[in-house]
Amino acid sequence: MVSYNIAEKIRVELEEMIRNSIRGAQEEGELPPFDVPVVPIEASRDRSHGDFATTVALTLARSARMAPRAIATILAKRISAPCGYVERVEVAGPGFINFFLNRVWLEETLIMIEDAGTAYGTSDFGGGARIQIEFVSANPTGPMNVVNARAGAVGDTLANIFAAAGYQVSREYYINDAGNQVDVLGKSVELRYRQLLGEPVELSPECYQGDYITDLARRALDERGRDIASMSDDERRNFFKSYAVAEILRMQRESLRNFGVEFDVWFSEKTLEDSGADKQVMEILDSKGLLYEKDGAIWFKSTAFGDDKDRVVVKRDGKYTYLLRDLAYHKNKLDRGFDRIIDIWGPDHHGYVARTKAGVQALGYPQDALEVLLLQLVTLYSHGEQVRMSKRAGEFITMDELIQEVGKDAARYFFVMRNIDSHLDFDMELAKEQSQENPVYYIQYAHARLSSIMRQAAELGVKYVPAREANLGLLAEDAEVELIKKLAAFPDEIIAAARDRAPNRIAKYALDLAGMFHSFYNSYRVLSDDRELTAARLVLANATRIVLRNLLGILGVSAPERM
RNA sequence: GCGCCUAUAGCUCAGUGGAUCAGAGCGCCGGCCUCCGGAGCCGGGUGCGCAGGUUCGAGUCCUGCUAGGCGCACCA
């Protein structure tokens, strides 16, 4: 795979320079013998500290038994700059080695972006490892809520990030279509159906009360008429159960699709039951001596794998617990050959993390095969007031309503803009705002502006000169140099977001990049009488637009050419 | 009682494997369109919850505390 990561290329080169310096200094006795370490090279945060820097001298101080600054000086002296990308090297502070680069890497960055196009930002960081990410997996008992929406945006964006970072990604949705809740669902719809027929029945308190239940009952009545009523009790119960689940699932899938979220696999819990997969898990645990009976139930010795207490897997009534079924599911996932499986759960499920991981280990998989991300909840605000919701009473804003209200683009961006560990306050007015206060519009506006410039250029008959042929040395203003550096950092930003499972980093990076462009735009004209400068700036504008478009693609937000 | 998450500017939040970070936006005040889209830009200032610890160096790591959120089922 072609690498489009200039920063990586530079890091490799700089690291090699330093390692050679260390070896050379050791051979000549300037440094004592020790194993040559991995040399960390990082982009400098402050311009006055060069473009890249290493702290290797500081970390070496102990093993070399020398002052870090002395080590840095010895190493820096051995680097013959200018050379390659390096203009000059300096020692600073307690022992940092700062690298000041020449313009070559900036110009290569622009050429690379133009070559790569939509592929710019991708890398082979993941090495093609197979990663599966399961998210949303809402109960099929009602419409999607805003927390499901956040999970959808976060999961899908993360999946996009993984794909860009060089992983093979599979998106999966677990359908909780077995167990008590779907029985209750079926019963709820059945009772509403009978009410529609005029029967004097009441919904019991555990039933789902929302209007959608009545809608489902009415639809069943429209489609199937009264013949459902003449079924046997068992038949009718099963009919409503499967009818309701299928219909709700269809609605959920539609909601997600409207939100730009599509899954590779929809996995039914019921199939685990039907195939005896849960029973098989019991046999494995039993054969390993990890089961025991107590108080009429069967327990899994999860404490043997770090859980704080053992867990029931077969209830006194002989039924399997959710945990057991979930272990069967995770076994199924791991048996499909993924190198890593990631679950996104709500914070209310955090108690299940330790026991599920214990189970995965007990079944013979590596400790880190399963990774659970706990995504914090969402509070909607409207006109500064918290929007109160009660699912039991059927009073809540659904995912569909929210998206209809604020739009898909704003919703997707808002849901990922915070750290997943942080509770999200979602300001509906801000999401709808069409001004700089709204980060989504701010970013999209930058893209539209760039598109407009490219259009203008075409209309004026200004021919686009490819980066290789343009005089990129003319892009020397601070605003231009900073912008190019930001563009150069894009592949690393994706890698960092993948590594940290942090989609918010991409949202932030996009905002920063848009800001840098707007700033540049206000100070300098792209299209001018100076043909050479115009050509160079068009290359920069085009590169910026490519990166913004790729970023918005990862976020699942549209990149409009006009607004 | 136990567990997970959170605590950074008046507000909402960034701060990537410690160092060469205290930052952005909003709000407030003042500026910028004979010029590619003003849905834009520029300038103005205050802060890492508290207490210890590790280190040459701590918003960042460790411990304890305080405050807030969410959990702690033989429910799913």
Side-chain angles (χ1 to χ4, degrees), chain A residues 40 42-50 53 55 58-59 61-62 67-68 92-96 98 139 141 176 178-182 184 269 294-299 308-309 311-323 325-326 346-354 374-377 379 417-423 425 427 430 433-439 441-442 444-446 448-457 459-460 462 492-493 495-497 499-500 502 504-505 507-509 511-512 514-515 517-528 534 537 541 562-563:
Chain A
E42 287 181 4
S44 300
R45 291 165 178 149
D46 189 321
R47 277 191 74 184
S48 64
H49 301 123
T55 56
L58 293 149
T59 54
R62 182 161 297 179
F96 300 98
N98 294 332
N139 285 331
T141 53
N176 298 102
N180 186 45
Q181 57 188 348
V182 289
V184 173
E269 178 185 358
K294 193 182 89 179
D295 303 334
I298 298 177
W299 298 65
D308 43 356
K309 60 181 181 186
R311 308 293 171 177
V312 169
V313 284
V314 183
K315 294 183 276 183
R316 217 182 302 189
D317 65 6
K319 286 184 178 163
Y320 293 134
T321 60
Y322 181 81
L323 173 65
R325 180 80 36 81
D326 216 30
D348 50 334
H349 284 68
H350 90 265
Y352 270 78
V353 177
L374 296 178
L375 177 65
Q376 297 297 316
L377 303 177
T379 306
M417 73 182 175
R418 300 286 177 245
N419 192 305
I420 63 172
D421 290 332
S422 296
H423 184 97
D425 287 332
D427 182 336
L430 179 59
E433 187 88 25
Q434 304 208 348
S435 75
Q436 61 176 349
E437 294 172 38
N438 184 341
Y441 282 89
Y442 185 77
Q444 289 182 316
Y445 184 59
R449 236 181 185 176
L450 281 158
S451 301
S452 173
I453 291 172
M454 304 306 285
R455 269 198 309 272
Q456 282 277 331
E459 283 165 18
L460 292 171
V462 178
D492 274 354
E493 201 59 46
I495 289 168
R499 187 196 55 213
D500 300 343
N504 58 305
R505 290 186 62 132
K508 180 68 161 48
Y509 174 87
L511 190 60
D512 289 345
F517 165 68
H518 284 310
S519 181
F520 158 77
Y521 175 92
N522 267 272
S523 303
Y524 307 101
R525 287 188 58 84
V526 173
L527 305 175
S528 69
T534 297
R537 285 189 172 155
R562 298 171 205 269
M563 293 173 73

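So you know, we letter chains A, B, ... as the sequences are listed, proteins then strands, and number each from 1. Here the structure is a predicted model, which means the values were calculated and not measured.
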Kindly point out which of B/C74, B/A14, B/C36 is positioned nearest to the side chain of A/Ile453? B/C36

For B/C36, which nucleotide in any strand shown is its Watson-Crick or wobble partner with both distances under 3.5 Å? none

Using a 4.0 Å heavy-atom cut-off, does A/Arg505 contact any base of the nucleic acid, only the sugar-phosphate backbone, or nothing at all? base

For B/G15, take OP1 and OP2 only and decide whether either is under 4.0 Å from a side-chain N or O of A/Asn504. yes

What interatomic distance, in whole Å, is found between P of B/U60 and the corresponding atom of B/G15? 15 Å

A/Tyr521 side chain N/O closer than 4.0 Å to the phosphate oxygens (OP1, OP2) of B/G38? yes

For B/C2, the Watson-Crick or wobble counterpart (both distances under 3.5 Å): B/G71

Can you check the A/Leu374 CG to B/C70 P distance for me, whole Å? 15 Å

A/Leu430 has an atom CG; how far is it from atom P of B/U12, in whole Å? 13 Å

Which one, B/C36, B/C41, B/G37, comes nearest to the side chain of A/Asn522? B/C41

Just by modelled atom types, is the A/Ala297 backbone N or O under 3.5 Å from a matching donor or acceptor in the A/Asp295 side chain? no

On a plain distance test, is the side chain of A/His350 in donor-acceptor contact with the base of B/G3 below 3.5 Å? yes

Who pairs with B/C61 - Watson-Crick or G-U, where each distance is under 3.5 Å: B/G53

Rounded to whole Å, please give me the gap between CG in A/Asp308 and C1' in B/G71. 13 Å

Which base sits across from B/A24 as a Watson-Crick or G-U pair, both distances under 3.5 Å? B/U12

Report which part of the nucleic acid A/Thr379 touches: base, sugar-phosphate, or nothing (heavy-atom distance under 4.0 Å, all strands). nothing

With a 3.5 angstrom cut-off on both distances, give the Watson-Crick or G-U wobble partner of B/A7, or none if there isn't one. B/U66

A/Leu58 near the nucleic acid: base, sugar-phosphate alone, or nothing, with a heavy-atom cut-off under 4.0 Å? base

Nearest-nucleotide comparison on RNA chain B, the residue closer to the 5′ end among A/Gly93 and A/Asp512: A/Gly93

What contact category does A/Ala496 fall into here, base, sugar-phosphate, or nothing, at under 4.0 angstrom with non-hydrogen atoms? nothing

Would you mind classifying the nucleic acid contact of A/Ser519 as base, sugar-phosphate or nothing, using non-hydrogen atoms under 4.0 angstrom? sugar-phosphate

For the pair made of CD1 in A/Ile420 and C1' in B/C4, what is the distance, rounded to whole Å? 13 Å

Pick one for B/C28: is it syn, with its angle within 90° of 0, or anti? anti

Nearest whole angstrom, please: distance from the P of B/G17 to the CD of A/Glu42. 9 Å

For A/Asp295 and A/Asp421, find the nucleotide of RNA chain B closest to each by heavy atoms; which residue's nucleotide sits nearer the 5' end? A/Asp421

Using the P atom in both, what is the distance from B/C61 to B/A19, to the nearest Å? 11 Å

Tell me which nucleotide among B/C13, B/G37, B/A76 gets nearest to the side chain of A/Met563. B/G37

Provide the distance between the two C1' atoms, one in B/C70 and one in B/C74, to the nearest whole Å. 24 Å

Using a heavy-atom cut-off of 4.0 Å across all strands, would you classify A/Asn176 as base, sugar-phosphate, or nothing? nothing

Using a 4.0 Å heavy-atom cut-off across all strands, classify A/Tyr524 as base, sugar-phosphate, or nothing. base

Atom-pair distance (CD on A/Gln376; P on B/C5), nearest Å: 9 Å

So does A/Tyr442 get a backbone contact from the side chain of A/His518, meaning a donor-acceptor N/O pair under 3.5 Å? yes

Look up atom CD in A/Gln181 and atom CG in A/Asn139, then write down how far apart they are to the nearest 0.5 Å. 3.5 Å

For nucleotides B/G17 and B/A9, find the distance between their C1' atoms and express it as a whole number of Å. 28 Å

Enter syn or anti for the glycosidic conformation of B/G59, syn applying to angles within 90° of 0. syn

Using the P atoms only, state how far B/G30 lies from B/G49, rounded to an integer number of Å. 34 Å

Could you grab the distance from atom OG1 of A/Thr321 to atom CH2 of A/Trp299, nearest 0.5 Å is fine? 10.5 Å

Using a cut-off of less than 4.0 Å, is there contact between a side-chain N or O of A/Tyr442 and OP1 or OP2 of B/G38? no

Counting only side-chain heavy atoms from C-beta out, which of B/C74, B/C13, B/U16 sits nearest to A/Arg418? B/C13

A/His423 NE2 - B/A7 C1' separation (whole Å): 14 Å

Residue-phosphate contact under 4.0 Å: A/Arg311 side-chain N/O, B/A73 OP1/OP2: no

Phosphate oxygens OP1/OP2 of B/G37: is one of them under 4.0 Å from a side-chain N or O of A/Gln456? yes

A/Ser528 side chain to A/Thr534 main-chain N or O, any donor-acceptor pair under 3.5 Å? no

Check every strand shown and say whether A/Ala53 touches a base, only sugar-phosphate, or nothing at a heavy-atom separation below 4.0 Å. nothing

Indicate, with a heavy-atom threshold strictly under 4.0 Å, whether A/Ala178 touches base, sugar-phosphate, or nothing. sugar-phosphate

Distance in Å, A/Asn419 CG paired with A/Lys508 NZ, rounded so as to fall on 0.5 Å steps: 13.0 Å

On a whole-Å scale, what distance lies between the P atoms belonging to B/G38 and B/C42? 14 Å

Counting the atoms with a prime plus P, OP1 and OP2 as sugar-phosphate, which does A/Tyr352 contact under 4.0 Å by heavy atoms, base, sugar-phosphate, or nothing? base

Looking at B/A76, I'd like to know if its phosphate oxygens (OP1 or OP2) sit under 4.0 Å from a side-chain N or O belonging to A/Thr321. no

Does A/His518 get its side chain close enough to the base of B/A39, under 3.5 Å, for a donor-acceptor pair? no

To the nearest 0.5 Å, how far apart are CG in A/Asp512 and CZ in A/Arg505? 11.0 Å

Supply the atom-to-atom distance A/His349 NE2 to A/Asp326 CG, rounded to the nearest 0.5 angstrom. 8.5 Å

Taking the same atom, C1', in B/C26 and in B/G71, what whole-Å distance lies between them? 34 Å

Looking only at atom C1', what distance separates B/G45 and B/U66, rounded to whole Å? 29 Å

Proximity to the side chain of A/Thr55 - top-ranked nucleotide from B/G37, B/A14, B/A19: B/A19

Give the rounded distance in Å between these two atoms: CE of A/Met454 and P of B/G37. 13 Å

Using modelled atom types only, decide if a donor and an acceptor are shared between the side chain of A/Asn438 and the backbone of A/Leu430 within a distance under 3.5 Å. yes

Roughly how far, to the nearest 0.5 Å, is CZ of A/Arg449 from CD1 of A/Ile453? 7.5 Å

With a 3.5 angstrom cut-off on both distances, give the Watson-Crick or G-U wobble partner of B/G43, or none if there isn't one. B/C29

With heavy atoms under 4.0 Å as the rule, sort A/Asp317 into base, sugar-phosphate or nothing. nothing

